[in-house]
Number of protein chains: 2
Amino acid sequence: MRTKLDQTKDLAPQIAKAIREAIVAGDLISDARLPSESDLAEQFGVSRPTVREALKRLAAQSLIRTQRGATGGAFVNRLTYEEAYPQQITTSTLLLSMNAVDFETACEARYTLERACAPLAAKRRGPDHLAAMQAEITRQGAPGLTDEAFCASDVAFHRALVDAAGNPVLSYQLAGAVEAMQPLMNMITFTARSREEIIALHSRIADAVSAQEPAAVEAALSELENYTKSLGAQVMAERRGG
Amino acid sequence: MRTKLDQTKDLAPQIAKAIREAIVAGDLISDARLPSESDLAEQFGVSRPTVREALKRLAAQSLIRTQRGATGGAFVNRLTYEEAYPQQITTSTLLLSMNAVDFETACEARYTLERACAPLAAKRRGPDHLAAMQAEITRQGAPGLTDEAFCASDVAFHRALVDAAGNPVLSYQLAGAVEAMQPLMNMITFTARSREEIIALHSRIADAVSAQEPAAVEAALSELENYTKSLGAQVMAERRGG
DNA sequence: TCTGTCCAATTGTCTGACATTAATCGTTTG
DNA sequence: CAAACGATTAATGTCAGACAATTGGACAGA
């Protein structure tokens with residue numbers, strides 16, 4: 001960790017980088033305690049506030065956690081899926097919204113990845129996954145549902161589908177792709193007719209997963225992708241027109 | 001942004017959260033300038049160092065960038081793929097290493113996602129993608145290559161394959177899955193025989209992409225997945241034995 | 001042995017100051 | 001009159017020192 005610093009500028013990022021690399025390289029294992037802020041300040045030859053800024057950067061990435069008190073300090077955090085999910089989703093969402101990624105591209109990426117989960121989901125789905133999917137389908141048919149709630153339920157349905165694949169790494173990677181689409185989907189106003197269509201496709205997907213027919217799952221997902229794209233295209237056309 | 005703060009504790013995270021939500025919600029658009037640190041401190045009723053810590057957290061997530069000088073300050077960052085990539089990779093890598101994700105699960109996730117790119121890659125690959133893949137294959141056959149360099153080239157090959165799909169969102173999502181595997185792959189000692197095998201499969205993949213035959217790409221990827229898994233299983237068995 | 005109190009270590013926050021950077025404005029000069 | 005150059009200024013980056021808050025452990029007493 002004791003790397004040289006370019007003493008001239010931007011000390012905090014350099015310190016953060018040094019510690020981060022030590023963690024990623026495995027020199028600091030989970031739950032290991034870092035030296036106190038004062039010690040680090042002395043080691044790196046900077047002041048305590050500078051060290052603190054560096055530590056805050058790491059805390060923002062959930063790489064470390066801090067604890068006050070006598071035996072307190074900064075500890076290397078054991079990154080859990082629960083902590084990694086929101087980060088992944090926030091980053092993906094911003095990436096889409098700030099880079100003017102067109103609806104079509106985002107949609108294609110999402111459904112391409114989701115189709116990849118289909119075979120595993122069909123093979124490994126348990127009763128809980130099937131129940132979760134069915135519950136969302138029911139919710140989506142409820143009258144008086146706002147567009148936003150409909151979208152949220154849509155996301156929940158697809159997450160259940162992905163989780164059915166029984167691979168946590170896959171679930172993690174897909175979370176970004178699926179959730180990041182929600183803001184884009186929220187721009188769409190769903191008519192009763194389009195909701196019906198989507199719910200019907202969701203049912204086909206759920207049934208195919210239940211029947212363990214991967215090809216049918218993929219086919220229904222492809223149809224849903226095309227339908228979603230067409231809805232998005234309509235919105236874009238109207239936006240340009242009006 | 002002017003949300004209430006629980007004045008009692010952990011002010012910096014609260015401020016960071018308030019600003020982050022304003023950015024994610026779109027209240028602060030790209031390149032918008034935040035108030036100066038002094039102004040923010042006054043607005044939130046805290047001291048400047050506290051505000052600074054909050055800003056550093058956001059900077060660590062690349063949500064803002066800071067600039068010194070007269071017209072300087074903190075600006076909402078337009079998150080680019082270049083900035084998002086390393087974050088995605090770091091998080092994915094740590095998630096795998098810290099959660100004792102077994103080789104098999106990680107491998108399955110990676111190749112499942114990669115197969116999903118196959119149809120698009122076969123359809124859209126350009127001469128540059130084909131050249132990149134071919135270049136890595138050549139490098140992998142070079143004598144005297146270390147295991148680490150071989151793995152790095154392997155990653156580069158697969159990234160070229162993913163990029164061939166021509167969907168930046170897909171490339172971004174896959175980066176985590178592919179790169180995060182590298183530390184796990186580095187545990188494997190590649191024999192001349194196994195390198196030969198892998199290079200042959202890479203060639204099959206490249207040829208199938210070149211010939212625009214998605215099914216052949218998927219088949220070769222599946223074989224590569226199985227072969228990689230068997231290599232990993234060997235390492236695990238030896239480790240348990242010795 | 002158990003319990004309550006005190007103490008020490010550590011992070012969280014504040015205050016004030018100075019250094020550094022970079023744009024702008026005014027002045028000076030060709 | 002225009003261009004170049006220096007002073008000003010506003011902002012972040014860094015530092016020093018201090019105090020508050022919190023937590024665990026040690027120590028003394030019942």
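Each chain gets a letter, A, B and so on, in the order the sequences are listed, and its residues count up from 1. Small disclaimer: the values here were computed from a predicted structure and weren't measured.
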For residues 179-189 of chain B, which side-chain donor-acceptor pairs fall under 3.5 Å, sequence neighbours excluded?
{"from": "B:Glu179", "atom 1": "OE2", "to": "B:Arg159", "atom 2": "NH1", "distance (Å)": "2.5"}

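- If you measure from atom CG of A:Asp10 to atom P of D:dC15, you get 12 Å, rounded to the nearest angstrom.
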Tabulate atom names and distances for all N/O pairs under 3.5 angstrom spanning the protein and nucleotides 14-17 of chain C.
{"from": "C:dC14", "atom 1": "OP2", "to": "B:Ser47", "atom 2": "N", "distance (Å)": "3.0"}
{"from": "C:dC14", "atom 1": "OP2", "to": "B:Ser47", "atom 2": "OG", "distance (Å)": "2.7"}
{"from": "C:dC14", "atom 1": "OP2", "to": "B:Thr50", "atom 2": "OG1", "distance (Å)": "2.3"}
{"from": "C:dC14", "atom 1": "O5'", "to": "B:Ser47", "atom 2": "OG", "distance (Å)": "3.4"}

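- DNA chain D forms stems at C:1-30 with D:1-30, each a run of 3 or more consecutive Watson-Crick or G-U wobble pairs whose two key distances fall under 3.5 Å.
- Spacing between atom CZ of B:Arg65 and atom P of D:dA11 amounts to 17 Å, rounded to whole angstrom units.
- Scanning for salt bridge (Lys or Arg N to Asp or Glu O under 4.0 Å) contacts around A:Arg65 gives A:Asp31, with sequence neighbours left out.
- With sequence neighbours excluded, the residues satisfying ring-ring contact (aromatic ring centres under 6.0 Å, His included) with A:Phe157 are A:His202.
- Among residue pairs with one or both ends in residues 82-102 of chain B, none qualify as salt bridge (charged side-chain N to carboxylate O under 4.0 Å, His left out); sequence neighbours excluded.
- Under the side chain to side chain donor-acceptor pair (under 3.5 Å) criterion, B:Ser153 pairs with B:Glu136, B:Gln140, sequence neighbours left out.
- Residues satisfying the ring-ring contact (aromatic ring centres under 6.0 Å, His included) criterion with A:Phe103, sequence neighbours excluded, are absent altogether.
- Between B:Arg68 atom CZ and D:dT12 atom P there is a gap of 11 Å when expressed in whole angstrom units.
- A donor-acceptor pair shorter than 3.5 Å cannot be found between the side chains of A:Thr93 and A:Thr90.
- Side-chain atoms of B:Gln61 and A:Arg57 form no donor-acceptor pair, as typed in the model, at a separation below 3.5 Å.
- A:Ser97 meets the side chain to side chain donor-acceptor pair (under 3.5 Å) test with no other residue; sequence neighbours excluded.
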Protein N or O to nucleotides 3-7 of chain D N or O, pairs below 3.5 Å:
none

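- For A:Arg125, the salt bridge (Lys or Arg N to Asp or Glu O under 4.0 Å) test picks out no residue, with sequence neighbours left out.
- Atom CZ of B:Arg52 and atom C1' of C:dT20 are 12 Å apart (whole Å).
- One atom, CD of B:Glu53, and another, P of D:dC15, lie 15 Å apart when rounded to the nearest Å.
- Distance, A:Glu37 CD to D:dC15 P: 14 Å, rounded to whole Å.
- Within the nucleic acid shown, A:Arg33 comes within 4.0 Å of sugar-phosphate atoms alone, with no base atom in reach, counting heavy atoms only.
- Applying the salt bridge (charged side-chain N to carboxylate O under 4.0 Å, His left out) test to every pair with at least one member in residues 104-116 of chain A, sequence neighbours left out, gives these pairs: A:Glu108-B:Arg124, A:Arg110-A:Glu114, A:Arg110-A:Asp154, A:Arg115-A:Glu225.
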